[in-house]
Protein chains: 2
Amino acid sequence: MRSSAKPPSAKLPARPRRPAARAPAPKPYHHGDLRRVLIDAALQLVGEGGPDAVSVREAARRAGVSPGAPFRHFPSRDALMNAVAEEAQRRFRAEIEAALAEAPANNPLGRFRCLGLAYLRWAMKNPTHFEIISSRRFFDHDKTAGVSQDNAELIDLAERTLAEAFAQGQLRSADLKQVQIAGRALVYGFARMNIDGHFPRWGVAGADAERTAEAILDLFIEGIAKVPSKSA
Amino acid sequence: MRSSAKPPSAKLPARPRRPAARAPAPKPYHHGDLRRVLIDAALQLVGEGGPDAVSVREAARRAGVSPGAPFRHFPSRDALMNAVAEEAQRRFRAEIEAALAEAPANNPLGRFRCLGLAYLRWAMKNPTHFEIISSRRFFDHDKTAGVSQDNAELIDLAERTLAEAFAQGQLRSADLKQVQIAGRALVYGFARMNIDGHFPRWGVAGADAERTAEAILDLFIEGIAKVPSKSA
DNA sequence: CAATCCGTGTAATCGATGCTTACATTCACA
DNA sequence: TGTGAATGTAAGCATCGATTACACGGATTG
């Protein structure tokens, strides 16, 4: 979308907000909630063609608004992408926490596995959205208090879960930091490889992908668990 | 570079090819090896600001050539990026194979570790170049015989090494495919997290980064090795 | 109720980019 | 030596991000 030929976009028929007693209400001068609509449009564009497919003008077009209008709400394209990325990150975190809420409470290592699985599943179901939250370039690194609060929350969650697992003697290594980074690298890497096209065989079906994701996660968990063989 | 103000590029002083008996040879009409120079310029641009920092015009500017000239050698920007990515992939493979050539021959698992380490080191020393080879979008997926021969070679190499390790009883799992994918995901993930800015603490120094890289690699190797504790 | 302020949208414009077409130059081969 | 193919230039198109001047109209005031 960003520099390719494209039909003139067919002009949406002026969204029917506020039926307006009698006049045809062709298009109210003020949009209503343009900011929200722009973010949604951009999210959709990301879903269709990745981050590069997002253009301010196309988002404006889909919102039925002039090309300059978005700049009233976002000082730059990056600012729009920032908002989009934060929204995606929010959804990501919400889904993972929801999945974890259903996991058994008294098996930390099992909970850790559950966390990783939810991570992988979301990333594979929403590849382009994962792409924008994983590439930190869309987050504002100047803001105080850590840009994406949601991301820090997730990391904390993983760390606490690992600490519990260690406290219950479920881990072989005491270097929790390394284990945490390795675990993150594993799921991150698998998710990104999937997005970046390193597994061309898995078309859209993704059943193989999900099975493999689970398998390598288990391989990792077994690798860090205490007494890996012998009994089981 | 792709849409920001920039000084007019200072105009290189007409590269002195072929001193030309006596005339000042201000600029030969034909460049000599524009294709090569364009790829180098683009590689440099990638090194300076990542893939998005590459513009055909800027590459042309640095080659001291008109904006349309590159299109004689590359039908599109993507084609240029393709060439750039293949060049980077070639260097990547060369360095890894060189490192592996110095590894002890009769310890497959050790060789596997060495491979992973070389991978991580190159990725961390050439982050932006790793970025373009990891994102497969710059490779031509239509070409027969697999686009990046070099990449397939590397994967084969890893698989053979793992098979040897298994044959010598060094591995705990017999599912070599899973082990290979997990290993790839681990190093890939770590490298990309580093590039994508998930480890903001490691400024440019990178000593911490390299140590951590080695640590998580060892953690993984221990996890897949047979008899992980007990003796060592 | 009316006047006005200011948030929000429009129109027009700028420079940069990818890419194409028409033309110019020069190399290489017959 | 002459000519055609290869390779460069010049000019131009459409799109993009971004800025500026202006227009609209809802909300707050007196």
Side-chain angles (χ1 to χ4, degrees), chain A residues 1-9 11-12 14-15 17-18 20 23 25-38 41-42 45 49 51-84 138, chain B residues 1-9 11-12 14-15 17-18 20 23 25-38 41-42 45 49 51-84 138:
Chain A
M1 217 68 84
R2 197 112 115 90
S3 82
S4 64
K6 198 179 56 64
S9 98
K11 193 64 166 174
L12 305 179
R15 171 178 312 89
R17 4 177 23 73
R18 213 165 328 169
K27 194 204 280 187
Y29 190 91
H30 286 94
H31 184 286
D33 191 6
L34 184 53
R35 186 187 159 87
R36 179 76 245 163
V37 173
L38 285 172
L45 284 168
D52 291 352
V54 177
S55 83
V56 177
R57 295 176 108 99
E58 178 62 20
R61 234 168 268 137
R62 297 199 177 189
V65 104
S66 80
F71 290 93
R72 290 288 176 197
H73 298 269
F74 304 98
S76 69
R77 176 182 184 274
D78 280 353
L80 170 60
M81 293 305 287
N82 185 349
V84 170
F138 297 119
Chain B
M1 216 68 87
R2 198 107 116 93
S3 81
S4 65
K6 198 182 55 63
S9 99
K11 194 66 166 174
L12 304 178
R15 174 176 310 90
R17 1 177 24 76
R18 211 167 327 172
K27 193 204 282 188
Y29 190 91
H30 284 95
H31 184 285
D33 192 6
L34 184 54
R35 187 190 157 86
R36 177 77 246 160
V37 173
L38 285 171
L45 284 168
D52 291 353
V54 177
S55 82
V56 177
R57 294 177 110 101
E58 178 63 19
R61 233 169 270 136
R62 297 199 176 188
V65 103
S66 79
F71 292 93
R72 288 289 175 197
H73 299 269
F74 304 98
S76 68
R77 176 181 183 274
D78 281 354
L80 170 59
M81 293 306 287
N82 185 350
V84 170
F138 296 120

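None of the values given here were measured: they were computed from a predicted structure. A note on names: the letters A, B, ... follow the listed sequences, proteins ahead of strands, and every chain is numbered from 1.
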What's the shortest heavy-atom distance between A:Val37 and A:Ala63, and which atoms?
CG1-CB, 3.8 Å
May I have the distance from [X] (atom [atom1]) to [N] (atom [atom2]), rounded to whole angstrom?
X	N	atom1	atom2	answer
A:Phe74	C:dG9	CZ	P	11 Å
A:Arg61	C:dG9	CZ	P	17 Å
A:Leu80	D:dC16	CG	P	14 Å
A:Asp33	D:dG26	CG	P	16 Å
B:Leu45	C:dT17	CG	P	11 Å
A:Arg35	C:dG9	CZ	P	12 Å
B:Leu38	D:dT7	CG	C1'	12 Å
B:Asp52	C:dG18	CG	C1'	14 Å

Could you give the side-chain donor-acceptor pairs of residues 68-76 of chain A under 3.5 Å, partners two or more places apart or in another chain?
residue : atom : partner : partner atom : Å
A:Ser76 : OG   : A:Asp78 : N            : 3.3
A:Ser76 : OG   : A:Ala79 : N            : 3.2

Ignoring backbone atoms, test whether A:His73 places a side-chain nitrogen or oxygen under 4.0 Å from the OP1 or OP2 oxygen of C:dG9.
yes
Counting only side-chain nitrogens and oxygens, does B:Ser55 get under 4.0 Å of the OP1 or OP2 atom of C:dT17?
yes
What is the distance from atom OG of B:Ser66 to atom CZ of B:Arg61, rounded to the nearest 0.5 Å?
11.5 Å
Nearest to the side chain of A:Arg77, heavy atoms from C-beta on, is which of D:dG17, C:dT10, D:dC16?
D:dG17
If you go through the side-chain atoms of A:Arg72, does one of them form a donor-acceptor pair with the base of C:dG7 closer than 3.5 Å?
no
By nearest nucleotide on DNA chain D, pick out whichever of B:Arg57 and A:Phe71 is the more 5' one.
B:Arg57
Qualifying residues under side chain to side chain donor-acceptor pair (under 3.5 Å), relative to A:Arg36, sequence neighbours excluded:
A:Asp40
